[in-house]
Amino acid sequence: MLDINYIRENPDRVKEFSRQKGYAVDVDNVLRLDERRRSLTAAIDKLREQRNDLARQMKSSSKPSADTVTTGKRIKSELAKLEEELSYIDTDYTFLLKQIPNTPTDDTPVGETEDENIVTEEIGDLPEFAFDPKNHWEIAAARGWIDKERAAKVAGSRFAYLMGDLVKLQMAVMQFTINALTDEETIKSIIKSAKLTNISTKPFTPVLPPFMIKTDPYDAMDRLQPSEDRYKIEGDELWLQGSAEHVLGSMHADEIFAEADMPIRYLGYATSFRKEAGTYGKDMEGILRMHQFDKLEMESFTTAESSLGEHLFFVAIQRYLLEQLELPYRVLMKCTADIGKPNARGIDMEVWLPGQGKYRETHTADYMTDYQARRLKTRVRRASGAVELIHTNDATAFALGRILIAIIENNQTADMRVNIPAVLQPYLGGKTQI
RNA sequence: GGAAGCGUGGCCGAGUGGUUGAAGGCGCACGACUCGAAAUCGUGUAGGCAGAAAUGUCUCGGAGGUUCGAAUCCUCUCGCUUCCGCCA
């Protein structure tokens, strides 16, 4: 949620960037309700003051006079009336306020669709093959790695059984990533080679979070919508999480960190669930777009002044990880229409998939400033004693399904085997090929 | 799933209807002492909203109720702990 003070002071700017991000919002109505809300609050506070005064007076005398009791009753009924009106207004106000997206950073390109995202870099050489490269589902079928037919029988479309060496490969990627990001020396070298300054070298804490999340924290994270893309547990106010971000970012709701403990960095592993509403018929082959996929996700809580640096650090980690796996990729600066409602800035990375002859999204880095923290009430107490909202950052370490695709397609051999990137070999018993 | 108990400030913990937004302790900040530190002593220290401020108001898991007045009484609800049941 955006700061109402900011909206009051910059209504035109708020309208403009909301439009740029593609959100229909009623800023004027929010401001009108805000004004009504404040004047009602003032009136209510006044009445309460009277009530409290009265109660204070009465405390001293053992039997209150009939007169004061009557006054008390009058205050009580007036208060009830105003409080009821306030609660109506508050509901509308909050509803509208929640619809206003976060302010994009100045360097976020303005665009109306994701086609206007800007490719800022292409890294790594595209592989060349002496044969016609296959796509991952052809190779997987030949090797018995993916079974979607039986998955469809058991769970429906967009599910798969991953089997055999492909499973070992996923575990290897996971173990490699967890080891890298929990190692301070690795963190230091990433910061150094990215030439970042004033970045904490604190390693990530690995986390296995719950895969379900209650409605309230989900909504506070601003990730419940579009709820058509979420799986709800029937009969409960519970949902299957769509990303570890949802359960990691909300875990410190209503808490106040000590400044000395910042930043808080988590590397969460979670199976994520998405209905993929509105993608009918899209990416039906292979395992690119599934209802369920495993993901390693970075999430951090920082002070306001270090949050942009943290975002850049997360991007640097993503590059490091992709380069360690020797995958060719490109970096996209997401435009206003694509960064997402709670985002101030967003970077995507797309890996080259030779079997399909195109780049596909494997990573995203989201910078939320204090937008999520405001509703989560996640704060920090500064050394000075001041309490402020923290800033959240979230970014993919690896979406395992898609990275398996990338490894398969980029490292395939003519006989449909897959060469293993050097850094993963120790996690596969030294095997150079599967 | 059944039963009982418990949810108070950054943390622990008093408080069962009327200056209690809340004793005390820990922690933290500042100061004194010290060459410096530790120890000790002193002072300060919850958050939200409105306000330039003074100040007012709200919040003792959450929602609702009783009352002139609720952390304190009632109802519902959520969470935690323990015991039983079940179970990887």
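Sequence lines set the chain letters: A, B, ... in the order given, protein chains first and strands last, and positions in each chain run from 1.
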> In terms of the angle between their ring planes, are A:Phe257 and A:Phe301 parallel, tilted or perpendicular, with boundaries placed at 30° and 60°?
Replying inline: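 The rings of A:Phe257 and A:Phe301 sit tilted, inter-plane angle from 30° to 60°.
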>> Please verify the inter-ring angle class for A:Phe204 with A:Phe314; under 30° counts as parallel, over 60° as perpendicular, anything in between as tilted.
In response: tilted
>> One character per nucleotide, please: for nucleotides 25-30 of chain B, 5' to 3', B when the base has a protein heavy atom closer than 4.0 Å, S when only the sugar-phosphate does, - otherwise.
In response: ------
In whole angstrom, what separates [X]'s [atom1] from [N]'s [atom2]?
{"X": "A:Glu78", "N": "B:C68", "atom1": "CD", "atom2": "P", "answer": "16 Å"}
{"X": "A:Glu255", "N": "B:G61", "atom1": "CD", "atom2": "P", "answer": "17 Å"}
{"X": "A:Asp254", "N": "B:U8", "atom1": "CG", "atom2": "P", "answer": "13 Å"}
{"X": "A:Arg382", "N": "B:A46", "atom1": "CZ", "atom2": "P", "answer": "19 Å"}
{"X": "A:Arg381", "N": "B:A46", "atom1": "CZ", "atom2": "C1'", "answer": "7 Å"}
{"X": "A:Lys377", "N": "B:U59", "atom1": "NZ", "atom2": "P", "answer": "15 Å"}
{"X": "A:Glu83", "N": "B:A63", "atom1": "CD", "atom2": "P", "answer": "13 Å"}
{"X": "A:Phe257", "N": "B:C11", "atom1": "CZ", "atom2": "P", "answer": "12 Å"}

> To the nearest 0.5 Å, what is the distance between OG (A:Ser200) and CZ (A:Phe313)?
Replying inline: 7.5 Å
Is there a Watson-Crick or G-U wobble partner for [N] with both distances under 3.5 Å, and which nucleotide is it?
{"N": "B:G36", "value": "none"}
{"N": "B:C83", "value": "B:G2"}
{"N": "B:U43", "value": "B:A29"}
{"N": "B:A14", "value": "none"}
{"N": "B:G7", "value": "B:C78"}
{"N": "B:U72", "value": "none"}
{"N": "B:G56", "value": "B:C49"}
{"N": "B:A22", "value": "none"}

Could you give the distance separating [M] and [N] at their [atom1] atoms, to the nearest angstrom?
{"N": "B:A14", "M": "B:C60", "atom1": "C1'", "result": "13 Å"}
{"N": "B:G44", "M": "B:C49", "atom1": "C1'", "result": "25 Å"}
{"N": "B:A32", "M": "B:A39", "atom1": "C1'", "result": "14 Å"}
{"N": "B:G47", "M": "B:C11", "atom1": "P", "result": "12 Å"}
{"N": "B:C58", "M": "B:G51", "atom1": "C1'", "result": "15 Å"}
{"N": "B:A70", "M": "B:G5", "atom1": "C1'", "result": "23 Å"}
{"N": "B:G9", "M": "B:G61", "atom1": "C1'", "result": "14 Å"}
{"N": "B:A63", "M": "B:U72", "atom1": "P", "result": "13 Å"}

> Charged N to carboxylate O under 4.0 angstrom, A:Arg32 versus A:Asp28?
Replying inline: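 No, no charged N to carboxylate O under 4.0 Å.
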>> Tell me whether A:Arg36 is salt-bridged to A:Asp92, with the criterion being a basic N under 4.0 Å from an acidic carboxylate O.
In response: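 No salt bridge links A:Arg36 with A:Asp92.
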>> Within a 6.0 Å radius of atom NZ on A:Lys202, are there more than 12 heavy atoms belonging to other residues, nucleotides or ligands?
In response: yes
> With a 6.0 Å cut-off on ring centres, are A:His363 and A:Phe398 close enough?
Replying inline: yes
Under-3.5 Å N/O pairs linking protein and nucleotides 48-57 of chain B:
residue : atom : partner : partner atom : Å
B:A50   : OP1  : A:Arg8  : NH2          : 3.1
B:G51   : OP1  : A:Arg38 : NH1          : 2.9
B:G56   : N2   : A:Asp45 : OD2          : 3.1
B:U57   : OP1  : A:Asn52 : ND2          : 3.4
B:U57   : O2'  : A:Asp45 : OD1          : 2.8

> Does the pair A:Glu78 and A:Arg51 meet the rule for a salt bridge (charged side-chain N to carboxylate O under 4.0 Å, His left out), with working shown?
Replying inline: CA-CA 11 Å; A:Glu78 280 179 36; A:Arg51 181 195 63 189; over 6 Å; no
> Would you find a donor on one side and an acceptor on the other, under 3.5 Å apart, between the side chain of A:Asp229 and the backbone of A:Ala277?
Replying inline: yes
> Are A:Lys282 and A:Glu276 side-chain neighbours, meaning at least one heavy-atom pair lies under 4.5 Å?
Replying inline: no
>> Name the residue from A:Glu297, A:His252, A:Glu299 that meets the side-chain hydrogen bond (donor to acceptor under 3.5 Å, both in side chains) definition with A:Tyr266.
In response: A:His252
